[in-house]
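Take a look at the structure set out below.
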Amino acid sequence: MNQANAAIQIKPKDYKSAIKPIWCPGCGDFAVLNAITKALAFLELPREDVALISGIGCSSRIAAYTSVYGFHGVHGRALALAAGLKAARKDLTVLVAGGDGDGLSIGGNHFIHACRRNMNMTYLIMDNEVYGMTKGQASPTTAPDWADSKLTPGGTGIRPFQPAGLALTAGATFIARGFTGDPNGLARMLVAAIEHEGFSFIQALSPCPTFRPEQMNWKRQVRAFEQETTSDPILAAQRIQSDDGMSTGILYQTDIPAFQPGNENVDNDVTQFEVEFEI
Ligand SMILES: Cc1ncc(C[n+]2csc(CCOP(=O)(O)OP(=O)(O)O)c2C)c(N)n1
Ligand code: SF4
């Protein structure tokens with residue numbers, strides 16, 4: 001425990017806000033909130049040193065449920081906003097969170113460029129293979145034959161993204177898959193991701209019992225990766241390709257200097273900026 005926090009002893013609950021989550025009972029996103037607060041408490045990070053940026057979707061509501069700095073932003077734009085924040089405030093621990101629709105559909109372009117840019121931040125996708133907030137449309141991780149959505153009768157017929165494979169080819173330097181049925185495992189993963197110097201990506205399998213009730217079976221399908229974390233991208237790619245998407249653990253981690261634009265001369269005084277925008 002560091003000196004500053006020795007007297008304070010921040011507990012996981014201290015990282016929660018007074019706002020009660022309105023997620024459906026059984027939604028996996030509750031466990032992500034718990035995992036984030038546990039990880040921050042473990043790392044003893046002062047709340048004012050952390051920012052949680054999210055997009056739009058059920059999962060993206062998470063920013064409002066924590067007591068760290070937060071921005072519940074624009075659909076698919078969380079990573080762009082987070083990159084700007086990190087460029088200006090490299091001292092902040094920047095976390096980004098949202099859904100598979102937010103991060104891989106509308107935000108897909110930002111995702112691949114965030115991976116290759118390798119700024120020091122942690123991005124967690126709550127993957128429920130559906131658009132929960134807008135009532136159950138197929139997302140980029142939905143199986144092609146999932147036919148329960150009125151918009152895609154008979155299924156989309158389109159192969160889903162493999163988020164881990166996409167992150168690997170785009171250049172992420174830390175790639176993990178977790179499961180909300182194991183919040184402690186997810187919290188440990190988040191600690192490792194936050195400590196990693198570079199862009200860390202976590203795909204958290206997070207069931208949506210409302211629109212994908214069959215996902216409640218995930219707890220019987222999820223297992224730990226048999227192999228240790230690798231820093232070899234070829235090996236990581238082989239493992240991702242040969243896996244059914246239900247193995248969890250830190251898949252890949254490599255040490256490439258994080259990108260941080262020089263900001264020594266940036267003027268953080270926003271007074272003039274505010275004057276220019278005065279109405
Ligand atoms: C620019 C824009 N397009 C579309 C929407 C409508 N919209 C809100 S949330 C959402 C998808 C949410 O799905 P996901 O990101 O997977 O999160 P979940 O709700 O499943 O957690 C969409 C399409 C929007 N808010 N803004
Ligand atoms: S609709 Fe699905 S993702 Fe949204 S809160 Fe309910 S269970 Fe969670």
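Every number for a ligand or one of its atoms is a count from 1 in the order of the listing. Excluded from the calculations below are hydrogen atoms, water molecules and symmetry mates; all remaining heavy atoms, backbone and side chain alike, are included.
- Close approach of ligand 2 to F211 (heavy-atom distance below 4.0 Å) involves ligand atoms 1 (S).
- Taking the six-membered ring for Trp and thresholds of 30 and 60 degrees, F30 and W23 have ring planes more than 60 degrees apart, a perpendicular arrangement.
- To the nearest 0.5 Å, the span separating CD1 on I175 from CZ on F201 amounts to 8.0 Å.
- Checked for salt-bridge contact, D232 and R239 miss the test: no charged N lies under 4.0 Å from a carboxylate O.
- With respect to D243 and R177, a salt bridge is recorded, a charged nitrogen being found less than 4.0 Å from a carboxylate O.
- The NE2 atom of H196 sits 7.5 Å away from the CG atom of N120 when rounded to the nearest 0.5 Å.
- Contact residues for ligand 1 (protein heavy atom closer than 4.0 angstrom to any ligand atom): I56, G57, C58, S59, H75, G99, D100, G101, D102, I106, N128, V130, Y131, G132, M133, T134.
- Using cut-offs of 30° and 60° on the angle between ring planes, the pair Y131 and H75 is perpendicular.
- Although no hydrogens or angles enter the test, the distance criterion places no donor-acceptor pair under 3.5 Å between the side chain of Q253 and the main chain of S200.
- For the atom pair OG1 (T173) and CG (L168), the distance works out to 11.0 Å, reported to the nearest 0.5 Å.
- Ring geometry for W218 against F179 counts as perpendicular: the plane angle is over 60°, on a 0 to 90° scale with 30° as the lower cut.
- If you look at atom 8 (Fe) of ligand 2, the protein N, O or S atoms less than 2.8 Å from it are C27 SG.
- In the model, Q137 has a side-chain atom that pairs as donor or acceptor with a side-chain atom of T134 under 3.5 Å.
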